[in-house]
Amino acid sequence: TNPLSGLPSWLLRDPAMAVRTNYRPYLDRVTAYWNKVMSILTPLQFTSGGPILMVQLENEYGPWVADPNDPNDPALVHLRFLLNLTRSTGNSSQLFTSDNLVTYEKQNPIKLIPELFGSGNGNQEVLEGMKNLSRVQPYRPLYESEYWNGWPDSWRGSHNRRSLHDFLAGSEDILFG
């Protein structure tokens with residue numbers, strides 16, 4: 001995946017920049033941005049009568065977690081930073097991450113951060129992935145935050161196709177288990 005994941009390219013003007021990490025200059029930029037975003041969104045959260053139920057802290061960050069059983073794993077420390085930053089803005093919405101459901105048991109960041117709700121994403125093997133997510137957070141509802149009907153094409157690559165039958169079968173797995 002793209003390590004910038006939608007982050008502005010000007011961050012790379014710092015030759016030592018390490019995005020999605022605990023690198024202090026990166027955290028300073030995240031803090032400034034997040035404080036601004038949360039100043040707009042926090043008044044709109046459900047607990048204040050608005051439409052926002054949940055806030056996603058990270059996307060597909062599970063592979064960054066080297067050891068999900070080590071509370072000092074740098075990726076887990078980073079997620080805790082984002083969680084604490086969000087809470088410091090007054091936002092009390094349910095916080096979640098989204099990761100590939102098939103690998104959830106191996107790479108999930110939520111085992112040691114119970115305040116985070118785990119959700120899944122993917123386009124295949126949905127039922128197996130939901131079972132993995134259920135084992136990781138057995139007393140929480142299952143939530144598929146991204147379900148794709150295909151995959152993006154690459155320049156000069158072949159066109160990616162997915163049958164309607166397969167897509168609908170996965171949709172049924174999400175809705176009805």
Side-chain angles (χ1 to χ4, degrees), residues 1-7 19-22 26-27 30-31 33-149 170-177:
T1 63
N2 175 0
L4 285 177
S5 298
L7 297 171
V19 299
R20 301 176 83 185
T21 70
N22 300 308
Y26 174 70
L27 296 180
V30 167
T31 299
Y33 173 78
W34 206 238
N35 284 336
K36 182 65 175 173
V37 168
M38 287 297 124
S39 73
I40 297 166
L41 297 183
T42 296
L44 299 173
Q45 63 188 332
F46 183 76
T47 55
S48 299
I52 297 175
L53 296 173
M54 302 171 80
V55 173
Q56 183 173 346
L57 286 188
E58 257 294 358
N59 189 59
E60 299 181 359
Y61 198 63
W64 292 62
V65 178
D67 184 356
N69 297 309
D70 176 6
N72 297 314
D73 181 280
L76 293 174
V77 171
H78 181 63
L79 283 171
R80 276 193 206 88
F81 169 83
L82 294 174
L83 185 149
N84 293 331
L85 176 62
T86 303
R87 293 299 184 231
S88 75
T89 68
N91 192 296
S92 61
S93 298
Q94 174 65 59
L95 304 177
F96 74 100
T97 63
S98 180
D99 282 284
N100 182 298
L101 284 170
V102 177
T103 60
Y104 229 103
E105 283 188 294
K106 297 178 216 160
Q107 298 177 318
N108 83 81
I110 60 170
K111 282 183 181 175
L112 293 176
I113 307 178
E115 300 93 330
L116 285 180
F117 180 79
S119 72
N121 64 54
N123 67 352
Q124 297 176 351
E125 302 175 15
V126 174
L127 197 54
E128 179 65 28
M130 289 291 193
K131 289 176 186 174
N132 288 344
L133 183 57
S134 180
R135 285 190 286 271
V136 172
Q137 54 183 25
Y139 303 107
R140 292 180 171 184
L142 298 175
Y143 174 44
E144 174 90 1
S145 54
E146 296 177 33
Y147 181 60
W148 318 307
N149 63 349
S171 298
E172 288 178 6
D173 287 343
I174 291 169
L175 295 172
F176 307 113

What's the verdict on side-chain contact (heavy atoms from CB on, under 4.5 Å) for D73 and W64, showing C-alpha distance, side-chain angles and the deciding distance? CA-CA 9 Å; D73 181 280; W64 292 62; over 6 Å; no
Worked verdict on S93 versus N91 for side-chain hydrogen bond (donor to acceptor under 3.5 Å, both in side chains): CA-CA 6 Å; S93 298; N91 192 296; 3.1 Å; yes
Going through the distances and angles, do S145 and N121 end up as a side-chain hydrogen bond (donor to acceptor under 3.5 Å, both in side chains)? CA-CA 6 Å; S145 54; N121 64 54; 5.4 Å; no
Can a donor-acceptor pair be found, under 3.5 Å and without considering hydrogens, that links the side chain of T42 to the backbone of M38? yes
Closest approach of I52 to V55 (non-hydrogen atoms, all atoms of both residues): CG2-CG2, 4.4 Å
Please verify the inter-ring angle class for Y143 with F96; under 30° counts as parallel, over 60° as perpendicular, anything in between as tilted. perpendicular
If I take atom CD from residue E144 and atom CG from residue L133, how far apart are they, to the nearest 0.5 angstrom? 9.0 Å
When rounded to the nearest 0.5 Å, the distance separating OG1 of T31 from NZ of K36 is 15.5 Å
Among all residues two or more places apart in sequence or in another chain, which pass the ring-ring contact (aromatic ring centres under 6.0 Å, His included) test with F46? none
Restricting to non-hydrogen atoms, name the atom on G118 and the atom on R140 that form the minimum distance, rounded to 0.1 Å. N-NH1, 4.4 Å
Using side chain to side chain contact (heavy atoms under 4.5 Å, CB included) as the criterion, point out the one residue from N84, L95, I113 that pairs with L79. I113
Backbone of S92 reached by a side-chain donor or acceptor of Q45 within 3.5 Å: yes
Which distance, rounded to the nearest 0.5 Å, do you find between the CG of L53 and the CD of Q94? 10.0 Å
Does L85 offer a backbone N or O that forms a donor-acceptor pair with the side chain of S88 under 3.5 Å? yes
With sequence neighbours left out, what residues match E58 under salt bridge (charged side-chain N to carboxylate O under 4.0 Å, His left out)? R20
Treating D99 as the side-chain partner and Y61 as the backbone partner, does any N or O pair qualify as donor plus acceptor under 3.5 Å? yes
To the nearest 0.5 angstrom, please state how far the CG atom of N35 sits from the CD1 atom of I40. 11.5 Å
OG (S48) and CG (L41) are apart, to the nearest 0.5 Å, by 11.5 Å
Does R80 reach the main-chain N or O of P71 with its side chain, forming a donor-acceptor pair under 3.5 Å? yes
Modelled atom types, side-chain donor and acceptor of W34 and T86, under 3.5 Å: yes
